[in-house]
Amino acid sequence: MCVKQIPDPALPGELDADNTLKRDGKLILDESDSYGVEMALQLVTAAGGGAVSLVSMAPNEEVSGLRTALAMGAEKAVLVSDPSLAGADALTTAKVLAGAVSKSGDFDLVIAGTESSDGYTGTVPEQIAEVLGLPSVTFAKSIAVDGSTVKVERQTEAGYDEVTCPLPAVVSVTAGVVEPRYPSFKGIMAAKSKPVENVTAADLGIEAASWAQSITNVEDAPAREAGEIIEDDGETFNKIVEFLDNLKVI
């Protein structure tokens, strides 16, 4: 299970000198990934065996978010923490996570959230699949494993598609499709002793510096302008139609 640890969205975000999001303090489990963790745990229960392993990339060997997922029931984690990964783009992240997945041992299924709450690229799971050479299914609202096959209900605007593909595979889970469990006190205590392996980019055979993105400038969004107030004189609808026509929405 690929999980991201992010700054608490309830707190004001801050930027470092290089215009990247400051990640110096405690990081929490991205809520969008908690749905994937829950889905993975349910699959293990349905299978009657197996384990959920976590992979993550975060600075300063931060594990607070990982401990939350471990308290939910995951068994172990691999954390990639390396200063050379600062400013990593989506492709770099995918290569790092794919390397961490391979390092974590044998696996049947890689699950990820559809997109992170602080990045919103929505491309990392598919890139992981490409790097690993595996089939990819996106926007899963339900997952079932049948022998060497995974069956996914893939959410669409019109409902859902039924998709079947061989294992191993990479599946990204849509937020809100399951109710993530709250870690119990017993789970929280157990998580403190569960293994988290810390590795660097070099340990994975990755040289990330040349792929890092650079943000040259950040500006405040322009202040919202006041709207135009139109007094209804019985013919106001013509002005509304004209306004919408100028916006090319009718």
Side-chain angles (χ1 to χ4, degrees), residues 1-6 23 26-41 43-44 49-113 115-116 118-119 123-134 136 167-173 180 183 187-188 190-209 211-212:
M1 173 68 210
C2 300
V3 298
K4 189 171 186 181
Q5 302 177 93
I6 64 171
R23 302 174 185 273
K26 178 180 177 181
L27 303 179
I28 67 171
L29 176 66
D30 192 330
E31 183 181 3
S32 65
D33 287 331
S34 66
Y35 302 102
V37 174
E38 178 61 35
M39 190 79 79
L41 293 170
L43 287 171
V44 168
V52 176
S53 298
L54 310 171
V55 297
S56 187
M57 185 176 82
N60 306 319
E61 299 184 354
E62 174 61 34
V63 296
S64 297
L66 283 177
R67 293 296 179 195
T68 299
L70 291 169
M72 291 174 66
E75 188 169 283
K76 61 181 181 178
V78 174
L79 172 65
V80 186
S81 189
D82 194 319
S84 71
L85 296 173
D89 58 15
L91 178 58
T92 304
T93 301
K95 290 181 176 181
V96 169
L97 293 177
V101 167
S102 298
K103 188 174 182 59
S104 67
D106 295 334
F107 61 91
D108 299 306
L109 183 64
V110 179
I111 297 179
E115 58 187 359
S116 64
D118 64 343
T123 61
V124 172
E126 294 71 46
Q127 291 174 323
I128 291 173
E130 181 66 22
V131 173
L132 293 174
L134 298 178
S136 171
L167 293 173
V170 178
V171 179
S172 61
V173 174
I188 293 171
K192 295 180 179 180
S193 61
K194 289 182 178 179
V196 177
E197 182 180 4
N198 287 282
V199 300
T200 65
D203 293 331
L204 302 176
I206 294 173
E207 297 179 3
W211 302 331

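All residue numbers refer to positions in the sequence shown, counting from 1. Computed over heavy atoms, backbone and side chain alike; hydrogens, waters and symmetry mates excluded.
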message: With salt bridge (Lys or Arg N to Asp or Glu O under 4.0 Å) as the rule and sequence neighbours excluded, what pairs involving residues 192-206 come up?
response: Lys103-Glu197
Evaluation steps, side-chain contact (heavy atoms from CB on, under 4.5 Å), between Ile111 and Val173: CA-CA 7 Å; Ile111 297 179; Val173 174; 3.5 Å; yes
message: Going by side-chain hydrogen bond (donor to acceptor under 3.5 Å, both in side chains), name the residues that satisfy it together with Ser34, two or more places apart in sequence or in a different chain.
response: none
- line: Heavy atoms of Val131 and Ala98 approach each other most closely as CG1-CB, 3.6 Å
- line: So CG of Leu97 and OG1 of Thr92: to nearest 0.5 Å the spacing works out to 10.5 Å
- request: Look only at the side chain of Asp30 and the backbone of Ile6, and say whether a donor-acceptor pair between them is shorter than 3.5 Å.
  value: no
Any residue meeting side-chain contact (heavy atoms from CB on, under 4.5 Å) with Pro183, in chain and number order, not counting sequence neighbours: Thr68, Ala71, Met72, Ile188
message: In the structure I gave you, are the side-chain heavy atoms of Ser81 and Thr200 within less than 4.5 Å of one another anywhere?
response: no
task: Starting at SG of Cys2, measure out to CD1 of Ile128 and round the result to the nearest 0.5 Å.
output: 4.0 Å
Heavy-atom check, side chain of Val171 versus side chain of Val110, under 4.5 Å: no
field: Residues which pass side-chain hydrogen bond (donor to acceptor under 3.5 Å, both in side chains) with Arg67, listed by chain and number, not counting sequence neighbours
entry: none
Heavy-atom closest pair, residues Ala100 and Val78: CB-CG1, 4.1 Å
task: Report the residues that fulfil salt bridge (charged side-chain N to carboxylate O under 4.0 Å, His left out) with Asp118, sequence neighbours left out, ordered by chain and then residue number.
output: Lys4, Arg23
statement: The reported gap from CG in Leu167 to CZ in Phe107 (rounded to nearest 0.5 angstrom) is 10.5 Å
message: Any heavy-atom pair between the side chains of Val63 and Val196 that's under 4.5 Å?
response: yes
Gln127: partners by side-chain contact (heavy atoms from CB on, under 4.5 Å), with sequence neighbours left out: Ala90, Leu91, Ala94, Thr123, Val124
query: If you measure from CG on Leu66 to CD on Glu61, what distance do you get to the nearest 0.5 Å?
result: 12.0 Å
task: Hey, could you give me the CG/CD distance between Leu29 and Gln5, rounded to the nearest 0.5 Å?
output: 7.5 Å
query: Ser64: what forms a side-chain hydrogen bond (donor to acceptor under 3.5 Å, both in side chains) with it, not counting sequence neighbours?
result: Glu62
Under 3.5 Å, side-chain donor or acceptor atoms of residues 51-60 against the rest of the protein: list the pairs with distances, not counting sequence neighbours.
unit_1, atom_1, unit_2, atom_2, d
Ser56, OG, Val3, O, 2.9

- prompt: For Ser172, what residues pass the side-chain contact (heavy atoms from CB on, under 4.5 Å) criterion, not counting sequence neighbours?
  reply: Thr114, Pro125, Glu126, Thr138
- request: Quick one: pull up CG in Leu85 and CD1 in Ile206 and give me the separation to the nearest 0.5 Å.
  value: 7.5 Å
